[in-house]
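Right, one structure below, let's go through it.
Keep in mind it's a predicted model, so treat the numbers as computed, not measured. Read the numbers this way: they start at 1 and go in the same order the structure lists the ligands and their atoms.
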Amino acid sequence: VNPFYGTVRRTARLSAGLVRLTLQHETLHSFPSTGVGDEYVRVHFPDESGELREPRIDGDNWVFDGEYPHVQPYTVRRHDAAAGEIDIDFVLHGHGRAAAFASAAKPGDRLMFGSPRGLYEAPEDVGRCVFVTDATGIPALGRLLEQLGDHAHALAVVEIAEDGHQIEFESAARLDVQWIVGRGNGVAPSAMTEVLRSVELTDDTYVWVAGEAGELREARRHLRHDRALSATRYKVIGYWRHNVDEWLSRWNALDEETTRRLRDVFTEVADQEQALDIYDEQLERLGL
Ligand SMILES: Cc1cc2nc3c(=O)[nH]c(=O)nc-3n(C[C@H](O)[C@H](O)[C@H](O)COP(=O)(O)OP(=O)(O)OC[C@H]3O[C@@H](n4cnc5c(N)ncnc54)[C@H](O)[C@@H]3O)c2cc1C
């Protein structure tokens with residue numbers, strides 16, 4: 001797949017902690033949006049000199065000579081095929097290269113990305129939607145809520161670092177939004193699993209959870225094992241990781257046999273949720 005590009009046309013502060021970049025490019029007229037509310041792309045950021053590294057295309061793979069570029073997943077908040085535009089909303093969390101790019105972005109800056117992928121998969125018969133997330137899930141939540149019809153009931157619980165990080169959501173659904181201020185988001189322990197423990201789950205509920213990967217291991221375990229939800233009734237997605245460099249160096253220090261065993265779990269165990277149980281348990285045992 002050839003890359004898609006986006007040149008920053010506009011920037012807009014949505015809150016003290018969130019900036020929207022509107023990207024435009026001729027390749028975006030044919031961007032294959034899935035239409036799924038939480039669809040994301042793997043965004044390639046410029047290197048230190050401000051240049052985007054161009055890949056060599058080798059079948060389905062992009063190959064880079066030398067160091068791999070900085071790449072992070074970001075939600076496609078809006079796609080307008082006619083205008084050749086997409087919006088991406090960036091959390092200004094103050095540490096990483098993606099966040100730094102977004103806070104300094106100005107018209108003319110460029111990004112590159114591949115095809116989108118959506119994860120939200122509510123069954124047809126869903127009557128009630130429960131969304132629990134931190135600031136990184138606000139863009140996906142915004143788009144998911146916009147897509148709900150007026151027959152839907154939705155509860156959205158959003159954990160943010162500060163009061164000034166709240167935004168307005170639009171939805172035709174009967175919507176209850178609850179903000180939890182000063183938890184998670186790298187500023188304090190997350191309350192997400194706590195929130196899930198107290199949430200009412202009816203037979204027609206679908207639960208979508210996005211946030212810090214370590215915290216979500218417990219959140220997923222709660223939904224799957226304590227609450228015995230069927231895998232079609234929830235989606236738990238790790239959006240970022242605390243001290244990711246330290247975590248990666250511990251991952252990279254694992255011997256080859258261990259990493260091969262971990263990766264093989266997903267091909268050897270057909271039920272992918274069961275595979276995830278085994279994978280999580282093994283990672284935990286390895287202190288990861
Ligand atoms: C499917 C998907 C969709 C996503 N959509 C969005 C989106 O629309 N908007 C968005 O802002 N993010 C989104 N994210 C999360 C985003 O990819 C991560 O936050 C990413 O790590 C940011 O990259 P970085 O280069 O800024 O920081 P990194 O280089 O990854 O990390 C540097 C340091 O910053 C810390 N850090 C990273 N993210 C956060 C955070 N959110 N809060 C506090 N500390 C953090 C890390 O722990 C690390 O110590 C999404 C993630 C996924 C998987």
Side-chain angles (χ1 to χ4, degrees), residues 6 11-23 33-34 36-48 67-79 86-105 111-121 131-146 158-162 165 167 169 180-192 208-217 219-220 235-251 288:
T11 70
R13 269 301 179 110
L14 305 182
S15 77
L18 198 65
V19 65
R20 171 164 298 166
L21 304 188
T22 298
L23 308 169
S33 174
T34 62
V36 178
D38 66 350
E39 75 176 353
Y40 69 96
V41 285
R42 296 183 72 238
V43 178
H44 289 233
F45 292 86
D47 64 17
E48 253 94 89
E67 204 184 317
Y68 204 79
H70 192 67
V71 180
Q72 296 290 2
Y74 277 87
T75 305
V76 177
R77 178 63 182 85
R78 179 188 66 100
H79 172 232
I86 70 167
D87 287 345
I88 298 183
D89 299 347
F90 291 80
V91 174
L92 303 172
H93 59 82
H95 307 289
R97 273 177 61 188
F101 172 91
S103 75
L111 292 172
M112 181 175 87
F113 36 88
S115 297
R117 178 170 175 220
L119 299 169
Y120 184 85
E121 264 184 312
F131 303 93
V132 179
T133 187
D134 63 13
T136 53
I138 289 177
L141 176 61
R143 188 167 164 192
L144 288 164
L145 290 176
E146 274 169 20
V158 190
E159 187 170 75
I160 44 173
E162 293 167 27
H165 294 184
I167 65 158
F169 292 111
I180 300 181
V181 180
R183 299 287 301 268
N185 296 287
V187 298
S190 169
M192 273 196 242
W208 181 91
V209 187
E212 200 275 325
E215 167 74 14
L216 293 198
R217 193 180 285 168
R220 178 182 164 280
K235 187 70 82 181
V236 177
I237 316 153
Y239 264 28
W240 62 284
R241 195 175 276 285
H242 265 305
N243 298 326
V244 68
D245 289 342
E246 191 195 310
W247 191 91
L248 278 176
S249 63
R250 277 189 282 135
W251 170 271
L288 279 161

Task: Salt bridge present between Asp87 and Arg77 (N-O < 4.0 angstrom) - done: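 No, this pair does not count.
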Task: Arg20, CZ: over 12 other non-hydrogen atoms inside 6.0 angstrom - done: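 Above 12, so yes.
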Heavy-atom nearest neighbour in the protein, as seen from [atom], with distance rounded to 0.1 Å:
atom: atom 47 (O) of ligand 1; value: Arg241 O, 2.6 Å
atom: atom 41 (N) of ligand 1; value: Thr136 CG2, 3.1 Å
atom: atom 48 (C) of ligand 1; value: Val244 CG1, 3.8 Å
atom: atom 2 (C) of ligand 1; value: Tyr239 CE1, 3.4 Å
atom: atom 19 (O) of ligand 1; value: Trp240 CB, 3.5 Å
atom: atom 32 (C) of ligand 1; value: Gly96 CA, 3.6 Å
atom: atom 17 (O) of ligand 1; value: Pro73 O, 2.7 Å

Find all atoms of ligand 1 within a distance of less than 4.0 Å from any non-hydrogen atom belonging to [X], and give their numbers and elements.
X: Gly238; result: 53 (C)
X: Asn185; result: 42 (N), 43 (C)
X: Ala98; result: 23 (O), 24 (P), 25 (O), 26 (O)

Counting heavy atoms only, which part of [X] comes closer than 4.0 Å to ligand 1: side chain, backbone, both or neither?
X: Asp89; answer: backbone
X: His70; answer: side chain
X: Tyr74; answer: both

- [ ] Using heavy-atom distances, let me know which of Val43, Ile237, Asp134, Val91 sits nearest atom 11 (O) of ligand 1.
- [x] Val91
Open item on the list: Nearest non-hydrogen contact with atom 28 (P) of ligand 1 belongs to which option: His95, Gln72, His242, His93?
Closed with: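 Residue with the shortest heavy-atom distance to the ligand atom: Gln72.
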- [ ] Please say whether Leu119 places an N or O atom under 3.5 Å from an N or O atom belonging to ligand 1.
- [x] no
Open item on the list: So, regarding Tyr40 and ligand 1 (criterion: nitrogen or oxygen to nitrogen or oxygen, under 3.5 Å), is there a contact or not?
Closed with: no
Open item on the list: Tell me whether ligand 1 is touched by Gly94 - counting only heavy atoms on the residue side and a distance under 4.0 Å.
Closed with: no
- [ ] For a side chain to side chain donor-acceptor pair (under 3.5 Å) with Thr34, tell me which candidate from Arg117, His79, Glu39 qualifies.
- [x] Glu39
Task: Residue pair Ser190, Glu159: steps toward the side chain to side chain donor-acceptor pair (under 3.5 Å) verdict - done: CA-CA 8 Å; Ser190 169; Glu159 187 170 75; 2.9 Å; yes
